[in-house]
Every structure is written in structure tokens, then in C-alpha cells.
Amino acid sequence: MITGKDLLDLGLKPGKWFKDALEHINAHGLTGDALHAYLDTVKPAPEIPLLAQPVPFHENISADSAVEQANIDYVRQSMQLLMRTPTVVAGAIMPDACPAGPLGTIPVGGIVVARNAIHPGMHSADICCSVMLTNLGKTDPKTVLDAAQQITHFGPGGRPEGQQFTLPADIEAEFQANPFLKSPRSLKFAHEHLGTQGDGNHFLYVGISRNTGDTVLVTHHGSRGPGAALYTQGMKVAERFRQALSPATDPPNAWIPSDSPEGEQYWAALQTIRKWTKQNHLCLHDALSARLGVAVQQRFWNEHNFVFRDADLYYHAKGATPLDPKFMPDITGPRIIPLNMAQPILIVEGTTTGNNLGFAPHGAGRNLSRTRHKYSKIGQTKEELFAAETQGIDARFYFNQIDISELPSAYKDAEQVQRQIQEFNLATTIDEIRPYGCIMAGDWEQDAPWRKKKLAKKAAQLAEQQDTQADCSALQETAEE
DNA sequence: ATGTCC
């Protein structure tokens, strides 16, 4: 009679599998070689350890201030932890890199390449956050922005009944067919959130092309509820695999093996969310051009939070713009890199180099966390800051509440970021869309009870911090883009 | 990121 203790004595890891295995062993009277041969077929695979050394990664970023140096130090430390994840084979950070989450989490402006593995924690919570551009010819920009304000939707939740866009039948069918997407909650979001932009750094921007003088619309938002729901499910499944395969791996870096049934379904779900998100931009752009009675001259888009596949390699981009055509199935133009509301949006193209892994930055990146930026402006009113920072542009907040953490001073210096794009040969700017104006959500939650409590606590905390170390710890809450 | 907890 073989018992659990015998299996333990053989150095096997206890688990639910013991029960069935012992039944089988004793029913067949297995011993010796037969026992070992059987155990080899049922015992769990050995745990995968972290890599002994971090895989080297490309640093396409340089500091021009103490704050930026502290930012880089934190991001570098995070990457060095992350690059020991056993699936990882390459990585890079971009000039817009900034911390997101606890140490060891992929930063914004980060690219991580893994073999045969999809890491939901590495494509960001806002799956397929993206930018779309439509050229509206010589239409008056104020007319465009006024109409856009009537059509778009910012803030939490979806569109009220009667004001919803129609979800195309093929996208709905893909939701229904995928176990990651077919929940009533997910489908409800898919219908109600279509044609919505959410909040935070998302925007609707109207500007003028440097090259042609044409009026151009650019929207920035992601996959809203449907994407968030997929991310939550993906992290759960990845966590189960982590516990079984590699408990040494940090939970934020858990992965789903790409060749498992779950991996194949998750990959398919990502492609469906990409379609949904493209439609989320399209329905706004189409409604606007129809309202204006203007023919669309040119339209292109790109995602900057996603997973891109090249054979068995999965490129995870959390705030990085794909340049290489192998990453995008539906290219209709160059790529789009916004900087801040008062600066031009860059239109770029580029190729894969030795240091960019086929990507460019996705924006300017934050120089301070939202809270810390707000704290740094204490003593100035929101109205003063807004007036000073949006001079000459028609900047609007959907909820009429100024969000100072979205003003230009919240972001890294745009000139500096552009210099670094050149310095590291990341992309070539072929046009720029100069700002007429924009709409962002604004501070819709400023009066929410949970905010007041949180803000008071954070302000007290920040007031006590004086050294650089403290600066770093305050940086890590930056996580959204 | 997300009706700020399925």
C-alpha cells in the first residue's frame, strides 16, 4: 500500500492530484519502475524559477532634471525585476517612460517581449487604448469642435438608452462566441459603451495639419468596460497558471501560455476587443463627418496598449506606438503620437532598429504622478493654471471642471521628448497637427466622497516627504495611460 | 483601465 507519505518521501509536491494518483497506484499495485513511470505522467511539472539575471533591455531615455533622473531610476529598477520573468526575451523603454504600479510592474512607455506567453498585466488594463485621425479638409475647426462636443460622450458609464450606437453584428457574434467575452456584463458594456471616451488622459482634439492646412480630428480612448472586463478575467486566469507553473513570478507578471486553450481564447478575445475599440473611434468620427456633411479625406489609427505577435514572440506594449507593419493588420496611414493639449500631435513613421524593437513612444509621459503634480501647484488656483497653460487654444472640459493633472505642465517637456525621439532614432516626424482645441473629461469626480478622503490623506503624506527616495515612492501611483 | 468589489 503506497500512501501520501511515500509520495512526499519521493520529493513530490503535494496537491489535489495525490488522491487520484494513490487510488490508481494501489488499484494496479504499482511499485518500482512501474510506479515511477506512472508518476512521471501525472506529477506536476517542476516550478519554473525566475531567470538568474535580468534580460538586458534598451533604454531609450535620458534625464535633464533631478525629477526625471528619479523617474528613470525607478523605471530602471522596475524593469530589472520584471526582466527576470522566465518567459521574457527582450525589452525596451521609451522617452515617455514613467512608473505604473508597484516595483516590478511594466512601466508606461515599456515594451516586453515574451516567448509563447501572453501577460495580461503587460498590455495595460486599458486594452487597445488607441488614437484615430480623420482629415476633414478645410472645415472650420471651431465648427468641428462644437459639433464634436454635442456628439461625443465622456465620463463614467455608457450612453443613455436612445443615444446608443449600434454594435455591428459581426462584433457581437465574436463576443458571443468567446468564453472571455460572452458574459452578460461584458455584452452590456459592449452595447452601452460604444461611442464613449471615458476619462483620465483621453481626449478629442481638433487641429490643423502643418503640411496641408487641413482640419484634422484625433480621438484618444480605449476599450472602456468590455476591455476592463477582459483584463480582469485575463489576470485571474494568468494567476491560476502562475500558481501552478511559476509561483516565483511576481503576480503582476503572471502569464497565460499562448498554446493552451485559455491562451488561444484570450488571444482571440484581444483581437475582438481591438475590433470593438476601432469601432468605438469610428462611430464618433462617422457621426461627426455626417453631422458636418463633410467627406472624409483620410483616416488612420494605431493602438498603443496591446500585445503584438511575431511567430512565437508576443510583444507587450504598455504605452508604445507600433511602427513595424508586421504588428498591424489594417494599416491605412502613418502613426499618431500626441504630446499634450497645447502641443502639436506628431504624425510619424519609422522602422525597426537595434534599440526600438519596432516601437516609438506613445506620448510625452507624465513627469509626476497626478497627485504629486496637483500638490506641486498648491497656492495657484485651477483657473489661473488653466488660463496660463491653455493660452491660444480652445481647451474644454466635458464636465466643466478643470482637471489640472491634464494641463501641459503635468507632462514631460514636449521639446525634450521630441529631441529624444531623434536622439535614439525612434521615429521620423512627417507632419504635425497643430492644436486648435480639445475636449477632455475634466474632473468629474471632484466632489465624490471617496476622493476627498483619499486626497486629504495623500496630501498629508506628501507634506512629510522631503528626500528623493520619498519622491520615488510617490511616483508609483502614476499607472493609467 | 473599470458604475473605483462578481
Side-chain angles (χ1 to χ4, degrees), chain A residues 98-102 105-110 119-131 153-161 163-164 179-203 219-240 251-252 266 269-270 272-274 276-277 280-281 303-307 316-320 362-363 365-366 369-371 398-399 403 405-406 440-441 443-458 476-481:
Chain A
C98 50
T105 309
I106 186 174
V108 172
H119 295 255
M122 294 186 190
H123 55 48
S124 132
D126 190 7
I127 300 168
C128 203
C129 188
S130 44
V131 271
H153 177 289
F154 279 96
R159 288 180 170 268
E161 212 150 335
Q163 292 177 38
Q164 293 173 5
F180 277 105
L181 301 174
K182 69 180 182 188
S183 76
R185 173 184 157 85
S186 176
L187 273 157
K188 183 176 184 293
F189 284 149
H191 285 275
E192 294 177 0
H193 287 196
L194 202 58
T196 71
Q197 300 196 257
D199 61 4
N201 63 346
H202 299 150
F203 63 72
T219 49
H220 172 219
H221 54 263
S223 52
R224 306 282 290 114
L230 175 60
Y231 171 77
T232 304
Q233 293 309 305
M235 286 302 277
K236 274 187 193 160
V237 170
E239 174 60 16
R240 286 207 297 273
Y266 190 71
L270 289 171
T272 300
I273 286 297
R274 186 178 189 275
W276 185 91
T277 307
N280 194 18
H281 288 278
E303 64 278 62
H304 48 228
N305 291 352
F306 207 60
V307 191
H316 301 74
K318 177 160 165 177
H362 87 308
R366 288 187 177 279
S369 72
R370 283 178 180 276
T371 316
Y398 196 75
F399 294 98
D403 179 356
S405 70
E406 287 303 334
M440 297 188 82
D443 201 358
W444 61 269
E445 53 175 3
Q446 73 166 354
D447 293 325
W450 63 80
R451 252 286 286 284
K452 284 185 173 166
K453 233 168 117 182
K454 210 168 113 185
L455 218 85
K457 200 176 145 194
K458 196 74 199 173
Q476 50 174 288
E477 66 183 275
T478 309
E480 113 243 25
E481 357 273 296

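Heavy-atom basis, side chains included; hydrogens, waters and symmetry copies ignored. A quick note: this is a predicted structure, and the numbers were derived from the prediction, not measured.
- Sorted by first and then second residue, the pairs that involve residues 187-196 of chain A and meet side-chain hydrogen bond (donor to acceptor under 3.5 Å, both in side chains), not counting sequence neighbours, are A:Glu172-A:His191, A:Lys188-A:Glu192, A:Thr196-A:Arg224.
- Rounded to an integer number of Å, the gap from A:Asp126 CG to B:dT4 P is 16 Å.
- A heavy-atom distance below 4.5 Å is found between the side chains of A:His202 and A:Asp126.
- One interatomic measurement links the two molecules: CG of A:Asp199 to P of B:dT4, which rounds to 12 Å at whole-angstrom precision.
- Of the candidates B:dT2, B:dC6, B:dT4, B:dT4 carries the atom nearest the A:Glu445 side chain, counting heavy atoms from C-beta on.
- Protein atom CG of A:Leu230 is 13 Å distant from nucleotide atom C1' of B:dT2, rounded to whole Å.
- Side chain to side chain, A:Ser405 and A:Asp403 meet the donor-acceptor criterion of an N or O pair below 3.5 Å.
- What separates CH2 of A:Trp276 from P of B:dT2 is a distance of 10 Å, to the nearest Å.
- Nearest to the side chain of A:Trp444, among B:dC6, B:dT4, B:dT2, sits B:dT4.
- The side chain of A:Arg185 lies closest to B:dC6 when the candidates are B:dT4, B:dT2, B:dC6.
- Using a 4.0 Å heavy-atom criterion, one finds that A:Lys188 contacts the bases of the nucleic acid, with or without backbone contacts as well.
- A:Gly222 comes within contact range of no nucleotide atom at all, as no heavy-atom separation falls under 4.0 Å.
- Between the P atom of B:dT2 and the CD atom of A:Glu192 lies a distance of 14 Å, rounded to the nearest Å.
- Straight-line distance from the CD atom of A:Glu239 to the P atom of B:dC6: 17 Å, rounded to whole Å.
- In this entry the distance linking CE of A:Met235 with C1' of B:dT2 reads 14 Å, nearest Å.
- Using cut-offs of 30° and 60° on the angle between ring planes, the pair A:Tyr266 and A:His123 is parallel.
- As a whole-Å value, the separation of A:Ile127 CD1 from B:dT2 P is 12 Å.
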